[in-house]
Protein chains: 2
Amino acid sequence: MTNARAFAALSDPTRRQVFERLSDGPRAVGELAYGLPVSRPAVSQHLKVLKEAGLVTDRAEGTRRVYQIDPHGLGQIRAWFDRFWDQALTAFAAEAERAEREGHDDQ
Amino acid sequence: MTNARAFAALSDPTRRQVFERLSDGPRAVGELAYGLPVSRPAVSQHLKVLKEAGLVTDRAEGTRRVYQIDPHGLGQIRAWFDRFWDQALTAFAAEAERAEREGHDDQ
DNA sequence: CCCGTGCGTTAGTCATAGCTTACCGTAAGC
DNA sequence: GCTTACGGTAAGCTATGACTAACGCACGGG
């Protein structure tokens with residue numbers, strides 16, 4: 001699966017916090033780090049992971065580095081999730097109906 | 001965030017494999033473990049995590065233990081994803097428009 | 001009543017990931 | 001050109017988590 005990296009990236013709470021802050025719009029590293037319980041290098045490392053997962057893009061802006069959410073990468077996860085969601089619900093409904101058809105005592 | 005556990009649960013590749021197998025329908029532990037590169041106790045532990053995350057439910061069936069996806073828990077993640085998706089896309093569009101309005105040379 | 005089967009649990013090992021501190025490159029300001 | 005912000009990188013520590021092996025428990029069949 002291609003989005004294994006993306007899932008792993010979103011698994012860490014701190015990294016998710018960084019990512020959620022980016023959902024408001026583009027931010028520089030310092031801005032993201034400010035208010036977070038971790039140091040700036042830590043945020044930098046998180047951003048690197050997010051970038052390698054295809055979830056964010058970055059561009060230089062003077063001496064600062066601005067990060068932004070990459071809708072494409074985010075869309076891929078959403079697509080996977082939608083497929084999974086449908087499949088799971090279908091199976092669940094089928095199972096519920098099967099149990100009903102076989103009587104309430106099941107088995 | 002309530003679904004932090006759920007995200008952490010889905011972060012592990014093996015655990016995601018187990019979870020994906022459950023999307024086909026209810027399965028016993030042995031069935032799930034069969035064909036996976038890990039031992040049965042490992043699968044058992046993974047299922048425990050998934051259960052505590054509210055992603056699966058289990059019921060006893062004789063001496064076997066049948067696991068099934070819990071649509072409710074899965075729905076919570078999906079809800080989070082949907083909110084996030086909307087917010088990120090909105091911000092991205094706004095940013096794109098802002099860049100356009102300020103001229104192609106930006107800044 | 002005993003034995004086999006199917007799972008959960010515990011103990012212990014090993015790898016990985018997140019964090020900090022320190023350092024280095026780079027772009028602007030005086 | 002020197003200094004000051006800003007941020008990526010390296011090294012090292014620590015904690016957490018995934019896995020196996022060994023054990024214990026409940027159910028069902030003979």
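All chains are named by letter (A, B, ...) in the order of the sequence lines, taking the proteins before the strands, and each is independently numbered beginning at 1.
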When you measure from the side chain of A/R15 to the backbone N and O of A/A9, does any donor-acceptor pair fall under 3.5 Å?
yes

Does B/V49 reach the side chain of B/R5, with side-chain heavy atoms less than 4.5 Å apart?
no

Determine the minimum heavy-atom distance between B/R16 and B/S11, stating which atoms define it.
NH1-O, 3.3 Å

Between B/L47 (CG) and D/dG17 (C1'), how many Å, whole number?
16 Å

With nearest nucleotides of DNA chain D determined for A/K48 and A/R64 from heavy-atom distances, which residue corresponds to the more 5′ nucleotide?
A/R64

Under 4.0 angstrom between A/S44 side-chain N/O and D/dG8 OP1 or OP2:
yes

Would you list the protein and nucleotides 24-30 of chain D atom pairs, both N or O, that sit under 3.5 Å from each other?
none

Looking at every non-hydrogen atom in both residues, tell me the closest pair between B/Y67 and B/L22 and how far apart they are.
O-CD2, 3.4 Å

Whole Å only: how far is the CG atom of A/L36 from the P atom of C/dC19?
10 Å

OP1 or OP2 of D/dG17 under 4.0 Å from side-chain N/O of B/H46
no

Is there a residue in residues 24-35 of chain B whose heavy atoms reach under 4.0 Å of DNA chain D, and which residues are they?
none

Counting C-beta onward and ignoring hydrogens, is there a side-chain heavy-atom pair between A/F81 and A/R78 closer than 4.5 Å?
no

A/F84 and B/I69, any side-chain heavy atoms less than 4.5 Å apart
yes

Between atom CZ in A/R15 and atom P in C/dT16, what is the gap in whole Å?
16 Å

Is A/T14 close enough to C/dG18 that one of its side-chain N or O atoms is under 4.0 Å from OP1 or OP2 there?
no

Answer whether the closest heavy-atom distance between the side chains of A/D58 and A/V29 falls below 4.5 Å.
no

Identify each atom pair where a protein N or O and an N or O of nucleotides 20-22 of chain C are less than 3.5 Å apart, giving names and distance.
{"unit_1": "C/dT20", "atom_1": "OP2", "unit_2": "A/S39", "atom_2": "N", "d": "2.7"}
{"unit_1": "C/dT20", "atom_1": "OP2", "unit_2": "A/S39", "atom_2": "OG", "d": "2.7"}
{"unit_1": "C/dT20", "atom_1": "O4", "unit_2": "A/Q45", "atom_2": "NE2", "d": "3.2"}

For residues A/R27 and A/R21, determine if any side-chain heavy atom of one lies less than 4.5 Å from a side-chain heavy atom of the other.
no

Compute whether any side-chain donor of one residue and acceptor of the other, for A/D12 and A/Q17, lie under 3.5 angstrom apart.
no

Quick check: do B/D70 and B/L74 have side-chain heavy atoms less than 4.5 Å from each other?
no

What integer distance in Å separates B/Y67:OH from C/dC7:C1'?
8 Å

Separation of atom CG in A/D58 from atom P in D/dC6, rounded to whole Å
18 Å

Using atom CG of A/L50 as one end and atom C1' of C/dA17 as the other, report the distance to the nearest whole Å.
14 Å

In whole angstrom, what separates A/R65's CZ from C/dT26's P?
12 Å

Would you mind reading off the distance between B/D12 atom CG and C/dT16 atom P, rounded to a whole angstrom?
13 Å

Would you check if B/E31 and B/R64 make a side-chain contact, meaning some heavy-atom pair closer than 4.5 Å?
yes

Side chains of A/I77 and A/L10 in contact at under 4.5 Å (non-hydrogen atoms)
yes

